[in-house]
Trainee: 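Sharing a structure with you now.
First the proteins, then the strands, lettered A, B, ... as listed; each starts at 1.
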Amino acid sequence: MLLSINHTTDYRYDGPASHSVNEIRLHPRDNHRQRCLRFTLTVEPECQLFHYRDYFGNHVYSFSVNNQHRALTISAAGLVETTDVQPEMTEPHDLAGQLAALADCRSQLAEYLSFSRYTEISRQQCHQLLADAGPERASGLLGWLENLTGYIYSRFAYQPGLTTVHTTVTETLALGAGVCQDFAHLMLAVCRSCGIPARYVSGYQCITDLNTACTAFAQASHAWVEAFVPGCGWVGFDPTNNCMINWRYITVATGRDYRDITPTRGVYTGNCSQTMAVSVDVRRC
Amino acid sequence: MFSNYRLSDGYYDEMFAPGNQIRPHYWPIASQLSRMPFDHLVQRQATMVRQMIKQGITFTLYNSDDGQSLERTIPFDIIPRIIPEPEWQYLQSGLKQRITALNRFIHDIYHRQDIVRAGLIPREMIVNNTYFRPEMKDLDPPGGVYCHLSGIDLVRDRDGRYYVLEDNLRTPSGISYVYKNRWLMQQYFPELFFTCHVSNIDYGLQAFLSSLRSVAPRDDRDPTVVLLTPGCYNSAYFEHTFLAQEMGIDLVEGRDLVVCDNKVYMRYLGGRKQVDVIYRRIDDDFLDPLAFRPDSLLGVPGLINAYRAGNVTICNAPGTGVADDKAIYIHVPDMIRFYLGEQPIISNVPTYVLQREEDRRYVLDHLTEMVVKHTSLSGGYGMLIGPQAGREELDKFRQLIIDHPEQYIAQPTLTLSTVPSLAGDQIVPRHVDLRPYIMFGRDENVHILPGGLTRVALSEGSLVVNSSQGGGSKDTWVTSP
């Protein structure tokens, strides 16, 4: 499926800002189920862009706007081709065998098994959650992950505005609600506690054709989880929508948690405050 | 003067051999000191301490109990620690070997990770290390240098053998005291230098500046080198001002620097100037709010990308801490064999890995004989000294080890060597360690400052020499007959 993306981030300052240094991760990745055919990035005021690939292979652009300015606009436009790839198990599998196979990957995937400030979860909290969710009722690891995805979806309410980009798993557990970022962190925490390597994915979900009357643009920016399944590779799960990843999903960046993939990050000088407006439009071409 | 000097049993004394025989390299100063009335020695030391206060040679202690910090001078002891030239040659070759292996290790883990592939160090130990910086992956610092200035702490056991206690590869402090100690001694005790041939340290900082200039990214005859300090509230601020003055480079804070199109500029009255090399005394975490801690006000936004773009050199490189972690320390002898194909010249202190059940059980059974250290804290913080700990402290560490074995290592309590030191109205043995300073430049060029900083534990029986824990220092001489 061919999908187009238009993502504009607009900063306004109530006074003169200067020496604004920024780093953005908005360029969709190429992987086994998607190809980025075109990507253009425009920054206003005009400036030089510096591109590199980070530790996780994400595209990063950095730039600075040193002269005084009262507005900064970052516009990213992309064209991505996605496919539906169903995870296929190449070998017979059972949960115990798969978990044992994961033990051999411990070292190579160590980054995705460790905890960060975002994904810290106590043994007791995790135990409690697993007892409620009962993911082991499934026959294999894929089913285990689907069950966990479904549990997070049904047990936690989607409620924008309740949490922030700094919310931790412990806070989400206490609130019983959150947004896609919180659910992704929660799922990472549980997977990693159980020895399943899991990584954070940021990207877009194409939903404009689902209900044309409601253009919930901001919702097109999305976050989900990929878990490593032996014999299958990285498989995507979306606990916010209780589904596996399909052609509607565009992967932009992956990392250990939100901090590794922050889409736009910047520091500026000036005795003024900033407001940000974001518009995201993802549609089928 | 030394007639009442009583050697402590079971310790190596730097000046006296067993049987109270003075070791030959101490003969010249022993005869001079013996001819001197004792109270003159006391007066001279008092003069030197007054001078230190006058010159503002201070260090700030952070007190975690009441949050107050205390600025004070580092206690100075007048009797020098002397290392004979042949012994220094041996140390020099060992330190050179060690820093070369460590620098190659850091390059390797941020590139191919051959040492991991060879199965010598578990990968998770590196990538999940607090000081591992993913930002450094595949980045090539100019000249391949990561550890431009490091300090490697050495101790001597009861048989006089040297051991490496720890490596300091981030922003080791103390080099200014080496100079101040020497200048105080030369000023107020010049006659001691008449009969001894003491290796000169005067060229050390010029050598350091040359090695900083050698790693400038631009092919520029006259690169701009600056020292980046967190500011006057830092414990080692005195040292920052000292080094900047001695090397004739600008002392800057984060707010003095600005990044524009991935180049770093220094602001000054009337304009700005591009900076090529930054000798930074700010921790990685605070270096760049865009790359690391977003709440840092000390750093320079965009610095890491300027570094990545090859427009500025950061010394020491970010991410060197992964190699001086106390858990990685255990593997340094393996690194030397792996990268250099040599046997380690100076050994490590035997170390117990608390994740190994056998080691852990042994340590818990012998906790009163052990020194237990947190793997990622330094400066004597988060540390247990078994033989001197109370019941409560022992219990606390026992629980910490059981709960977080991966965060601690244990070593048998070392018998640090002693040097005669002035205490009130007598001369007594006090425990010392040694921190030589190693400069590493382009083409693995190593320069080691002759001697280094001798830190001395000034209270009787104490084995903690860290300045942050109230230790003092001595002038350190390398002498040839």
Side-chain angles (χ1 to χ4, degrees), chain A residues 17-25 43 45-58 60-67 103-117 122-123 165-166 192 195 197 254-262 264-270, chain B residues 109-111 113 115-117 119-130 132-140 254-265 267 272 287-311 319 403 406:
Chain A
S18 60
H19 298 303
S20 168
V21 184
N22 302 270
E23 197 170 80
I24 63 161
R25 286 171 170 80
V43 178
E46 205 183 343
C47 56
Q48 278 183 37
L49 294 173
F50 173 72
H51 172 263
Y52 70 93
R53 302 286 283 266
D54 69 12
Y55 184 80
F56 306 96
N58 304 312
V60 189
Y61 295 86
S62 87
F63 59 87
S64 57
V65 178
N66 295 83
N67 293 334
D104 296 336
C105 313
R106 271 218 119 90
S107 232
Q108 280 316 306
L109 299 171
E111 292 92 332
Y112 304 109
L113 284 163
S114 74
F115 294 94
S116 65
R117 199 188 67 83
S122 74
R123 221 171 289 173
V165 292
H166 305 295
R192 291 175 188 177
T254 62
R256 292 164 299 186
D257 61 22
Y258 178 77
R259 237 196 86 71
D260 287 333
I261 58 78
T262 312
T264 58
R265 185 187 294 171
V267 179
Y268 66 95
T269 314
Chain B
I109 58 166
Y110 288 118
H111 291 79
Q113 302 197 338
I115 198 162
V116 172
R117 264 178 257 263
L120 290 175
I121 299 184
R123 188 172 176 277
E124 53 269 39
M125 205 163 169
I126 292 168
V127 298
N128 289 338
N129 187 294
T130 323
F132 179 75
R133 299 280 168 235
E135 293 79 3
M136 288 299 289
K137 192 188 172 214
D138 292 331
L139 226 132
D140 289 300
R255 60 185 175 198
D256 299 319
L257 300 180
V258 60
V259 174
C260 181
D261 290 336
N262 285 321
K263 295 188 182 76
V264 182
Y265 296 91
R267 301 185 232 230
R272 60 182 202 180
L287 212 45
D288 176 357
L290 195 65
F292 304 126
R293 271 178 69 152
D295 57 340
S296 167
L297 299 173
L298 301 171
V300 185
L303 179 60
I304 296 299
N305 281 337
Y307 182 55
R308 187 189 307 282
N311 293 327
D403 292 346
E406 73 289 353

Trainee: At a 4.5 Å cut-off on heavy atoms, which part of Asn22(A) comes close to chain B: side chain, backbone, both, or neither?
Mentor: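 Contact with chain B is through the backbone of Asn22(A) alone.
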Trainee: Name the option with the most non-hydrogen atom pairs under 4.5 Å to chain A; the candidates are Asn128(B), Val127(B), Leu290(B), Val258(B).
Mentor: Leu290(B)
Trainee: With a 4.5 angstrom heavy-atom cut-off, which part of Tyr52(A) approaches chain B: side chain, backbone, both or neither?
Mentor: side chain
Trainee: Please determine if Asp261(B) and Lys263(B) form a salt bridge, counting it only when a charged side-chain N lies under 4.0 Å from a carboxylate O.
Mentor: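 So Asp261(B) does not pair with Lys263(B) through a salt bridge.
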Trainee: Does a donor on one side chain and an acceptor on the other come within less than 3.5 Å for His111(B) and Asp140(B)?
Mentor: yes
Trainee: Between Glu111(A) and Arg192(A), is there a salt bridge with N-O shorter than 4.0 Å?
Mentor: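 Salt bridge: no.
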Trainee: Considering only heavy atoms, which portion of Asp54(A) lies under 4.5 Å from any heavy atom of chain B: side chain, backbone, both, or neither?
Mentor: neither
Trainee: Would you say CG of Leu297(B) has more than 12 non-hydrogen atoms from neighbouring residues, nucleotides or ligands within 6.0 angstrom?
Mentor: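 Open: at most 12 neighbouring heavy atoms sit under 6.0 Å from CG of Leu297(B).
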Trainee: With respect to chain A, which residue among Ala309(B), Pro294(B), Pro289(B) yields the maximal number of heavy-atom pairs within a distance under 4.5 Å?
Mentor: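 Most pairs with chain A among the choices: Ala309(B).
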Trainee: The criterion is ring-ring contact (aromatic ring centres under 6.0 Å, His included); which residues satisfy it with Tyr307(B), sequence neighbours excluded?
Mentor: none
Trainee: So do the side chains of Glu23(A) and Tyr61(A) get within less than 4.5 Å of each other, counting heavy atoms only?
Mentor: no
Trainee: Non-hydrogen atoms of chain B under 4.5 Å away: do they reach the side chain of Leu109(A), the backbone, both or neither?
Mentor: backbone
Trainee: Identify which part of Asn305(B) has an atom lying under 4.5 Å from any heavy atom of chain A, answering side chain, backbone, both or neither.
Mentor: both
